[in-house]
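Here's the structure, in structure tokens; my notes come after.
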Amino acid sequence: MMRLVLLGAPGVGKGTQARRLAAQERIPQVSTGDILRESVKQGTALGLQAKGFMESGRLVPDDVVIGLARETLTSPDCSNGYILDGFPRTVTQAEALDRMLQETGSAGLDHVVSFDAPHDHIIRRLLGRRTCPTCQTVYHIDHAPPTLKDHCDTCGGALAQRADDQSETVEARLAVFERQTSPLVAYYQQRGLLRRLDATGDIHDVYRRLRAVLGLAGA
Ligand code: AP5
């Protein structure tokens, strides 16, 4: 049982590490970004509400995302823990998560890991990211390329750049992170939950460091 929050700037590598850790530890990765993107793709009411915010790099309103998180975290899939990737992202969301944990009588979070990397690393990771629109597998043109250029190794689909990974939107997302999400570092530090992770270096090095920070054996 482990309840984790991964905190960090857009593109720092949270999703990449969350997927790997989730597979090895057999607990679900809960990515509000992935859930919202799927809703946009399906054209649901949630997707229609979220689309404009996401494409311009702004946060989807707190009440919408808190409702979504509540629905997901109280589902049976999450009864043995979860890795939260991209939630909470504002102090209001963090307070709502604390209330949800209290209401469900759960023990609190085990760790909140802050992924730290310099701005230029983050920009390179975001601008080089390619995603499979069919199965959502994530690649990087230099650091995690597909075997066959521009095609997904998993399903063969044509890779695409996320709408919000264009350079103008990237800057807007990083500014939003600084203004609205970075205060969560102090929020969780005050509660004794914050662990800092050096997120530079290749994907395998970061994963080894992440396991060490969480006190987990091996990589
Ligand atoms: P979301 O999908 O959560 O995006 P994000 O936080 O901006 O994070 P990313 O998915 O862009 O990056 P990541 O850190 O997971 O990096 P990744 O592992 O892919 O949110 C999108 C939008 O949805 C938001 O802007 C907002 O509108 C909305 N939203 C979502 N949650 C919300 C919330 N709670 N409240 C309000 N709105 C919300 O890696 C990036 C690239 O780098 C990849 O190509 C990868 O292969 C590569 N890479 C990873 N690690 C390394 C490494 N160590 N070395 C080299 N390359 C690496």
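Here, residue 1 is the first one in the sequence, and each next residue gets the next number. Start at 1 and go down the list; that is how both ligands and their atoms are numbered.
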To check you understand the geometry: which heavy-atom pair defines the closest contact between L159 and P133, and what is its length? CA-CD, 4.4 Å

Side-chain polar contacts of residues 80-97 - donor-acceptor pairs under 3.5 angstrom, sequence neighbours left out - could you list them?
from : atom 1 : to  : atom 2 : distance (Å)
D85  : OD2    : Q29 : NE2    : 2.9
R89  : NH1    : G86 : O      : 3.0
T90  : OG1    : D62 : OD1    : 3.0
T90  : OG1    : Q93 : N      : 3.0
Q93  : OE1    : R89 : N      : 2.9
Q93  : NE2    : D62 : OD1    : 2.9

Single hit among V112, L197, D116, V113 for side-chain contact (heavy atoms from CB on, under 4.5 Å) with L7: V112

Give the table of side-chain donor-acceptor pairs shorter than 3.5 Å for residues 121-128, with sequence neighbours excluded, one pair per line with atom names and distance.
from : atom 1 : to   : atom 2 : distance (Å)
R125 : NH1    : V12  : O      : 2.7
R125 : NH1    : A199 : O      : 3.0
R125 : NH2    : A199 : O      : 2.9
R125 : NH2    : G201 : O      : 3.4

Compile the donor-acceptor pairs under 3.5 Å between side chains in residues 209-219 and protein atoms, sequence neighbours left out, one pair per line.
from : atom 1 : to   : atom 2 : distance (Å)
R209 : NH1    : D198 : O      : 2.4
R209 : NH1    : T200 : O      : 2.8
R209 : NH2    : T200 : O      : 3.3
R211 : NE     : A217 : O      : 3.1
R211 : NE     : G218 : O      : 2.6
R211 : NH1    : Q24  : OE1    : 3.3
R211 : NH1    : E25  : OE2    : 3.0
R211 : NH1    : Y207 : OH     : 3.1
R211 : NH2    : E25  : OE2    : 2.9
R211 : NH2    : A217 : O      : 2.9

Checking side-chain polar atoms at under 3.5 Å, does H111 have a donor or acceptor matched by the opposite partner on R195? yes

Heavy-atom cut-off of under 4.0 Å around ligand 1: list whichever protein residues fall inside it, by chain and number. A9, P10, G11, V12, G13, K14, G15, T16, T32, G33, L36, R37, M54, R58, L59, V60, V65, G86, F87, R89, Q93, R125, L126, R129, V138, Y139, H140, H143, R162, D164, R173, G201, D202, I203, V206

